[in-house]
Amino acid sequence: MRPFAALPTLVTALLLLGATAQAQLYGPPAPPAPPVAPAAPVTPPVTPPSTTAAGLALGAPQDTLREYRLSETTRLRYDDVQVEVSGGTPEQAAPLQNSFREALRAREGERTLTYKQFLKVLPADGTPGRYLWNSISSEGGRSVSSRSLRTLGAAGEGSLAYQPEAAPASSDPTLALLTAQIQAELARTHAELLAGFDPASFGLLTGAAKTAPLRPGQTFTRVMTLNPAHPLATLPGQKVAGAPLQVEQQLRFESEQDGQLVFFRQARVLQPGQVVTGSADLLLTLARYVYDGELRLTPDGLPVSASRDEASVIRVTGRMNQGDLTLTFGLTVTSTSVLTLTPVK
């Protein structure tokens, strides 16, 4: 078993990077949501391509440029923390227990990130439609840019490709692996950020020539896997046994107001529990999940403004062996994230 004390090297660096990049810091829970009955994992039905697609067609012309201000405040809090180390001597057990608690303290807290957010409609180049998202934040006195290219599909499918900054290839395999892991984490967290206001994240925006008119109550969905942050979350060799912890986020069309299409957010739980085996054995149980807010679009499919309030409470228990020592822990991860997108005049 890889020593837990070694986590502050490569693995912990990636853990802290992921928590920072996605800014999914958790804190005081949002007001209680109505209880949601657990449901079996659901696979959304596949709609065969047709001449008339559901959702909106991208009607904005090539070279259309939009600028927004984006803010996200995230919090992370740990409650009911229980950590025990059995086996070995007290002198052997103390460093393992202390490093676990130190890792919790390093993650816990509140953070607000602000961005200049740009959207540019690109030439289609033989695709049903393309546009580029560029999120620019200033942190620590330097500007950081995250860019992702959205390519639309003919009937709601499509792709989002992260555009990393050019960097020289490394001949060091360890460094190359670390770089690849960092890029994958940045791509994932940027995609999650964009899901707060990009209608294509929900299959709402298509490149179809014709779309059926939106109906009040019509719903567009995306499935999200919840990954609560804790020191053993991404140890090497971890595998999910069975279904992952998942929710279905929904955008529900309400009405057209002042020339804007208004969507409200809601969610349902697909899989409320998860078992993880491998380097550590973990059990995750979702106690509460809240997803609220609205999204406003122009009739040609571009965002006008957005708000998104998200909160979860997840109980995590687990066990990890390290030589003669066994670390047993339990904690409650409470998370909130509040996002707002406003247009720049």
Side-chain angles (χ1 to χ4, degrees), residues 33 36 39-60 66 68 70 117 119 121 127-131 133 148-161 188 190-226 246-257 259-271 289-310 312 337 339-341:
V36 182
V42 174
T43 300
V46 176
T47 303
S50 62
T51 54
T52 302
L56 288 174
L58 177 62
R66 294 286 184 270
Y68 309 88
L70 174 63
Q117 181 65 59
L119 179 154
V121 179
T127 71
R130 301 188 311 155
Y131 52 90
W133 287 111
S148 291
L149 174 65
R150 173 71 72 181
T151 301
L152 299 177
E157 75 280 6
S159 64
L160 183 68
R188 185 186 68 82
H190 195 221
E192 286 300 325
L193 180 70
L194 297 179
F197 47 88
D198 183 358
S201 297
F202 289 78
L204 197 165
L205 192 61
T206 78
K210 296 181 180 179
T211 56
L214 292 172
R215 305 181 309 276
Q218 188 173 355
T219 301
F220 301 86
T221 66
R222 70 185 291 263
V223 174
M224 179 179 180
T225 299
L226 302 179
Q246 288 186 329
V247 296
E248 182 184 79
Q249 298 176 342
Q250 304 174 355
L251 285 177
R252 186 185 73 250
F253 178 60
E254 290 300 308
S255 62
E256 183 173 350
Q257 300 177 9
Q260 299 176 2
L261 306 177
V262 181
F263 297 80
F264 287 167
R265 302 180 193 270
Q266 59 189 24
R268 68 188 183 105
V269 176
L270 298 181
Q271 179 62 34
Y289 182 76
V290 177
Y291 185 73
D292 198 8
E294 72 169 25
L295 174 66
R296 290 177 176 259
L297 303 176
T298 60
D300 60 6
L302 300 185
V304 176
S305 63
S307 63
R308 188 261 289 142
D309 295 348
E310 186 178 7
S312 66
S337 173
L339 177 146
T340 58
L341 180 82

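Quantities reported herein were computed from a predicted structural model and do not represent experimental measurements.
Between the Thr219 side chain and the Gly217 main chain, a donor and an acceptor come within less than 3.5 Å of each other. In this structure a side-chain-to-backbone donor-acceptor pair under 3.5 Å is present from Arg265 to Ser307. Judged by distance alone, with hydrogens and angles left aside, the side-chain atoms of Tyr289 form no donor-acceptor pair with the main-chain N or O of Leu226 at under 3.5 Å.
Ring pair Phe263/Phe253 is tilted by interplanar angle, where 30° to 60° counts as tilted.
Atoms CD and CD, on Glu248 and Gln250 in that order, are 4.5 Å from each other to the nearest 0.5 Å. Rounding to the nearest 0.5 Å places CD of Gln117 at 6.0 Å from CG of Leu194. Atom CG of residue Asp309 and atom CD of residue Glu294 lie 11.0 Å apart, to the nearest 0.5 angstrom. Within the model, atoms CG of Leu58 and OG1 of Thr206 stand 8.5 Å from one another, a figure rounded to the nearest 0.5 Å.
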- Query: Under the side chain to side chain donor-acceptor pair (under 3.5 Å) criterion, do Gln246 and Gln271 qualify, and how do the steps go?
  - Reply: CA-CA 5 Å; Gln246 288 186 329; Gln271 179 62 34; over 6 Å; no
- Chi angles and distances behind the side chain to side chain contact (heavy atoms under 4.5 Å, CB included) call for Thr127, Leu152: CA-CA 7 Å; Thr127 71; Leu152 299 177; over 6 Å; no
- Evaluation steps, side chain to side chain contact (heavy atoms under 4.5 Å, CB included), between Leu56 and Leu205: CA-CA 5 Å; Leu56 288 174; Leu205 192 61; 4.0 Å; yes
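Of all the heavy atoms in Pro299 and Gly259, the pair that sits closest is CD-O, 3.3 Å. Of all heavy-atom pairs between Pro213 and Gln218, the closest is O-OE1, 4.1 Å. Between Gln266 and Tyr291, the shortest heavy-atom contact is O-CD2, 3.3 Å. The nearest pair of heavy atoms linking Tyr131 to Ala200 is OH-CB, 3.3 Å. Smallest separation of non-hydrogen atoms from Ala306 and Leu295: CB-CD1, 3.8 Å. Between Thr298 and Leu261, the shortest heavy-atom contact is O-CD1, 4.0 Å.
Partner Phe197 forms a ring pair (Phe, Tyr, Trp, His ring centres under 6.0 Å) with one of Tyr68, Trp133, Phe202 and no other, that one being Trp133. Screening Glu192, Arg150, Gln249, Arg222 for a side-chain hydrogen bond (donor to acceptor under 3.5 Å, both in side chains) with Ser201, the sole residue that qualifies is Arg150.
At a threshold of 4.5 Å between non-hydrogen side-chain atoms, the residues Val304 and Leu341 do not count as touching.
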